[in-house]
Amino acid sequence: MVKTNVTVISNFIFLGFTHYPKVEITVFVLCLLMYLLTLLGNMILISITILDSRLHTPMYFFLRNLSFLDIWYTSSALTPMLANFVSGRNTISFSGCATQMYFSLAMGSTECVLLSMMAYDRYVAICNPLRYSVIMNKRVCVQIAAGSWVTGCLTALVETMSVLHQSLCGNSIINHFTCEILAVLKLVCVDTSKVQLIMLVISVLLLPMPMLLICISYAFILSNILRISSADGRRKAFSTCAAHLTVVVLFYGTALSMYLKPLAVDSQEIDKFMALVYAGLTPMLNPIIYSLRNKEVKAAVKKLLIRNSLCALLIHSSK
């Protein structure tokens with residue numbers, strides 16, 4: 001609990017989308033659909049990349065990490081909102097809010113780093129294929145993944161602690177559907193310049209810098225694609241890159257517009273819908289864009305379905 005000059009806050013109240021009663025049910029249905037599709041797509045991808053030995057490569061190792069990350073990320077952001085809508089209660093305890101804020105920040109920050117590392121992996125695979133297995137060996141892949149997770153978790157801890165150690169004004173109403181750090185920071189009644197500086201430094205490290213690395217990696221990849229003699233091969237390669245960059249722009253673009261704007265700018269209503277994009281839409285699209293369109297993954301899915309069908313047929317016939 002946090003002591004202030006006015007009262008003691010033990011619970012917070014979410015406003016959510018109550019300002020838009022006509023679209024509240026629509027938002028709930030869309031969020032539920034995005035959450036279920038995110039779980040289904042990412043669980044399928046994780047299962048396939050584990051069960052099929054042909055997919056035990058660096059690219060699918062990172063994609064497996066991304067899928068696991070997206071499940072946790074979407075669950076931490078959307079599940080409480082869905083549960084509150086069903087139960088009719090829009091409250092959360094202080095400890096629950098702190099936990100939700102930390103996990104949302106940790107998963108989002110980790111994804112920022114991991115996406116840039118995945119772009120680097122693709123750059124090495126396409127632009128330096130002969131040395132790919134040497135550069136991206138198993139040890140390096142594990143180190144990159146571990147570094148992404150550690151960076152995300154540590155920066156989230158710093159941000160969460162810096163905000164929740166501030167004195168709140170006694171106002172327990174959060175104008176959001178989750179314990180989003182910027183929405184909670186609005187409740188602080190003391191000078192937040194130090195907290196804003198911490199958040200600015202971390203945001204610059206986790207948003208523009210990884211995005212710059214992604215853009216540089218794809219610039220080299222695209223220049224390499226232009227050398228492909230086959231027009232059909234170039235078209236397919238450009239289509240894949242365009243799909244990847246679309247997801248990147250959606251994720252980083254919405255996050256940049258939220259976390260690198262002045263705190264004085266009041267755009268909380270817009271921020272709610274932006275949060276749905278990077279916390280709900282992009283985790284749903286990631287397995288589709290990065291993997292389920294690949295021939296290797298399609299072949300693995302088909303193989304798995306045939307194997308399961310045969311097993312079911314044998315069990316049925318034995319009975």
Side-chain angles (χ1 to χ4, degrees), residues 42 45-46 48-50 52-70 107-152 204-253 255 282-283 285-300:
N42 285 292
L45 183 57
I46 290 171
I48 290 169
T49 54
I50 290 174
D52 197 316
S53 58
R54 294 172 299 177
L55 301 182
H56 292 176
T57 62
M59 181 179 80
Y60 292 106
F61 170 76
F62 290 126
L63 286 171
R64 194 157 56 242
N65 272 269
L66 181 64
S67 291
F68 181 76
L69 177 66
D70 281 338
M107 299 302 105
S109 300
T110 303
E111 183 155 347
C112 287
V113 181
L114 189 61
L115 285 174
S116 65
M117 294 298 100
M118 288 170 62
Y120 173 73
D121 170 70
R122 291 297 81 209
Y123 156 73
V124 177
I126 294 172
C127 299
N128 204 349
L130 297 179
R131 297 192 60 208
Y132 178 65
S133 58
V134 177
I135 297 172
M136 301 300 294
N137 58 65
K138 187 176 181 180
R139 181 181 176 184
V140 170
C141 291
V142 171
Q143 287 174 342
I144 288 174
S148 300
W149 281 94
V150 170
T151 301
V204 169
L205 290 173
L206 295 180
L207 291 170
M209 290 183 67
M211 192 171 183
L212 179 62
L213 178 59
I214 291 172
C215 292
I216 292 171
S217 298
Y218 274 95
F220 280 108
I221 290 170
L222 289 172
S223 67
N224 206 66
I225 289 171
L226 291 172
R227 298 171 192 164
I228 298 174
S229 56
S230 168
D232 187 54
R234 283 199 304 271
R235 182 184 58 80
K236 289 180 179 178
F238 273 122
S239 174
T240 302
C241 287
H244 289 186
L245 289 173
T246 300
V247 175
V248 166
V249 169
L250 274 174
F251 180 77
Y252 285 98
T282 52
L285 293 176
N286 279 340
I288 299 170
I289 298 297
Y290 282 103
S291 301
L292 298 180
R293 295 167 73 244
N294 292 357
K295 289 182 179 179
E296 292 173 327
V297 175
K298 287 179 181 178

Asn42, Leu69, Ile50 screened by side chain to side chain contact (heavy atoms under 4.5 Å, CB included) with Arg64, the one that passes: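 Between Arg64 and the candidates, side chain to side chain contact (heavy atoms under 4.5 Å, CB included) is satisfied uniquely by Ile50.
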Supply the atom-to-atom distance [X] [atom1] to [Y] [atom2], rounded to the nearest 0.5 angstrom.
X	Y	atom1	atom2	value
Leu63	Phe68	CG	CZ	15.5 Å
Ile135	Asn128	CD1	CG	4.5 Å
Tyr60	Leu55	OH	CG	5.5 Å
Asp70	Thr282	CG	OG1	6.5 Å

Is Asn224 reaching over with its side chain to a backbone N or O of Ile126, donor-acceptor style, under 3.5 angstrom?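 Yes, Asn224 side chain to Ile126 backbone: donor-acceptor pair under 3.5 Å.
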Which residue pairs pass the salt bridge (charged side-chain N to carboxylate O under 4.0 Å, His left out) test with at least one member in residues 205-227, sequence neighbours excluded?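 For residues 205-227: none.
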Working note: Ile144 + Asp121, criterion side-chain contact (heavy atoms from CB on, under 4.5 Å); need CA distance, chi angles, decisive distance, verdict. CA-CA 10 Å; Ile144 288 174; Asp121 170 70; over 6 Å; no
Which pairs would a plain distance check flag for residues 107-119, meaning a side-chain donor or acceptor within less than 3.5 Å of a matching protein atom at least two apart in sequence or in another chain?
residue : atom : partner : partner atom : Å
Ser109  : OG   : Leu105  : O            : 2.7
Thr110  : OG1  : Ala106  : O            : 2.7
Glu111  : OE2  : Asn286  : ND2          : 3.1
Ser116  : OG   : Val113  : O            : 2.6

Between Leu206 and Thr151, is a side-chain contact (heavy atoms from CB on, under 4.5 Å) present by the stated rule, with each step listed? CA-CA 9 Å; Leu206 295 180; Thr151 301; 4.1 Å; yes
Audit row: Met136, Phe62, side-chain contact (heavy atoms from CB on, under 4.5 Å) steps and yes/no: CA-CA 11 Å; Met136 301 300 294; Phe62 290 126; 3.7 Å; yes
Looking at Tyr132, I'd like to know if its OH atom is crowded, meaning that more than 12 non-hydrogen atoms belonging to other residues, nucleotides or ligands lie closer than 6.0 Å.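 Yes, the 6.0 Å shell around OH holds more than 12 heavy atoms from other groups.
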All pairs passing side-chain hydrogen bond (donor to acceptor under 3.5 Å, both in side chains) where residues 137-150 contributes a residue, at least two apart: Asn65-Trp149
Output, in order, the C-alpha distance, side-chain angles, deciding distance and verdict of side-chain contact (heavy atoms from CB on, under 4.5 Å) for Tyr252 and Ile214. CA-CA 11 Å; Tyr252 285 98; Ile214 291 172; 3.5 Å; yes
